[in-house]
Amino acid sequence: MKTLKNDRFLRALMRQPVDCTPVWMMRQAGRYLPEYRAVRAKAGDFLSLCKNAEFACEVTLQPLHRFDLDAAILFSDILTIPDAMDLGLYFVEGEGPKFRQCVRTELDVARLKPPKIETELDYVLRAVRVIRNALNGTVPLIGFSGSPWTLACYMVEGGASKDFRHIKAMMYNRPELMHQLLAVLTDTVADYLNAQIDHGVQAVQIFDTWGGVLSEPCYQAFSLDYMHAIVQKLKRKSEGRPVPVILFTKNGGQWLSAMVATGADALSLDWSTAIGAARQQVGKRVALQGNMDPALLYADKPVIRQEVSRILADFGAYNGHVFNLGHGIHQFVEPDKAKIFVDAVHELSVPYHQKN
Ligand code: CP3
């Protein structure tokens, strides 16, 4: 086993003892950092940034230079998969992602070509290798993918949506067609994550950003069952170490027990769920990640520290907590606030790890 200087994050995901609570931030590389905006300008646009391994590596490392983070996350996007399916992904400033072609009919689904990961998404795997090399064993590298349901939301709606009317109409009127699309995405996501693991990521997170817009039976049938299938297909060991799997369903706090049944190692919580109650519910079956409201980073230092302290106390003196925000860091946050947050987690969590 190659040594890792700081393996707190991987240990906590496996519910092993640590010296203090590890922390990273969803979207830790992004527009709130002026140095990110500079590299993005150099790259030309967001997709060119993702597709250039050296630039992707540079922005992955930027937050680690500023903050004492316990993990790096591959700089990429969940929409690389539909992009590789030739749906014509582009970004409109202020409006988010869009597709030139949406997937709505039987013919659209039948025409979809699952991408060959090693060739069509080779730029992602190259970025993984370049980043692992640059990290040089300091902290672990997280890989990720969108969930099949969340990817389908963008593909069917043709971009971001507030009401999900096209995908929900498809799900209710043509459930078999919906399942056909999700099955294609499930195989692709599993292959994609396994390729990321082969090329060097040390943990993976599945972002189910839109699972929480579903009813309970639909969540189970159209999102969770497919994530379950993915978890079962993943390589759970690499380089002599477990490769932990984290599931994040935004607004999924009411379904934690069902999520545990997928066999994931950890569940990531948004801020609407009380982490102490969640821990009691899941017991020792999984680790928990989260879950400070990202908007706390607009507050003053004492308020941020107080909220970190409240969440640590709510979780309690148990193994298996990775601190994070409940969702991505906002673009208008001052970077100094992120430093206050990260340092507070390390400093204030020490007493919770001094048992035994
Ligand atoms: O966490 C990290 O630092 C890694 C990078 C990362 C990005 N996207 C970079 C990014 C990750 C993990 C994602 C995942 C992602 N992408 C999700 C799931 C996570 C979540 O936030 O729920 C989703 C839904 C997307 C789709 C997507 N890509 C959206 C909605 C946007 C924002 C568009 C906008 O204009 O606000 C993106 C673009 C994107 N992905 C940016 C970054 C840093 C901003 C691009 C830029 O303008 O520089």
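Atoms within a ligand are numbered from 1 in the order they appear, just like the ligands themselves.
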Steps toward side chain to side chain contact (heavy atoms under 4.5 Å, CB included) verdict (I142, F9): CA-CA 10 Å; I142 307 167; F9 168 71; 3.6 Å; yes

Between CG on residue D68 and CG on residue N6, distance to nearest 0.5 Å: 7.5 Å

Which atom of N291 lies closest to which atom of D270, heavy atoms considered: ND2-O, 3.1 Å

Proximal atoms of ligand 1 relative to T209 (non-hydrogen, under 4.0 Å): 18 (C), 19 (C), 20 (C), 22 (O), 24 (C)

Nearest protein heavy atom with distance in Å, relative to atom 38 (C) of ligand 1: F91 CE2, 3.5 Å

Euclidean distance, I304 CD1 relative to K339 NZ, rounded to 0.5 Å: 12.5 Å

Nearest-neighbour protein heavy atom for atom 23 (C) of ligand 1, which is reported as residue plus atom name and distance: I78 CD1, 3.4 Å

For atom 36 (O) of ligand 1, the protein heavy atom that lies nearest, with its residue and separation: R31 NH2, 2.9 Å

Polar side-chain atom of N194 near backbone of D191 as donor-acceptor pair, under 3.5 Å: no

Minimum-distance protein heavy atom relative to atom 45 (C) of ligand 1: F46 CD1, 3.4 Å

Between CZ on residue R37 and OH on residue Y32, distance to nearest 0.5 Å: 11.0 Å

Contact atoms of ligand 1, heavy-atom distance to G96 under 4.0 Å: 33 (C), 34 (C), 35 (O)

Atom 47 (O) of ligand 1: nearest protein contact (heavy atom, Å): R40 NH1, 2.1 Å

L74 heavy atom under 4.0 Å from ligand 1: yes

Closest protein heavy atom (residue, atom, distance) for atom 11 (C) of ligand 1: F144 CZ, 3.6 Å

ring-ring contact (aromatic ring centres under 6.0 Å, His included), paired with F144, selected from F207, Y192, W24: F207

Greater than 12 external heavy atoms within 6.0 Å of K337's NZ: yes

Distance filter under 4.0 Å to F75 heavy atoms, resulting ligand 1 atoms: 9 (C), 43 (C)

Qualifying residue for side-chain hydrogen bond (donor to acceptor under 3.5 Å, both in side chains) with D19, from H346, R8, H353: R8

Part of E95 with heavy atoms under 4.0 Å of ligand 1, whether side chain, backbone, both or neither: neither

Shortest protein heavy-atom distance from atom 26 (C) of ligand 1, along with the residue and atom involved: D77 OD2, 3.6 Å

Closest protein heavy atom (residue, atom, distance) for atom 1 (O) of ligand 1: R27 N, 2.6 Å

From H330 atom NE2 to R27 atom CZ, the distance as rounded to the nearest 0.5 Å: 10.5 Å

Contact atoms of ligand 1, heavy-atom distance to Y154 under 4.0 Å: 24 (C), 30 (C)

Contacting atoms of ligand 1, where contact means under 4.0 angstrom from a heavy atom of S76: 5 (C), 6 (C), 7 (C), 8 (N), 9 (C)

Contact check, A29 vs ligand 1, heavy-atom distance below 4.0 Å: yes

Subset of ligand 1 atoms that lie under 4.0 Å from at least one heavy atom of F207: 12 (C), 18 (C), 19 (C)

Non-hydrogen atom of Y36 closer than 4.0 Å to ligand 1: yes

Enclosure of Q232 CD (heavy-atom neighbours >12, cutoff 6.0 Å): yes

Numbered atoms of ligand 1 (with element) below 4.0 Å of M26, judged on heavy atoms: 1 (O)

Atoms of ligand 1, numbered as shown, that sit under 4.0 Å from any heavy atom of H327: 20 (C), 21 (O), 22 (O)

Residue Q306 excluded, over 12 heavy atoms near CD under 6.0 Å: no

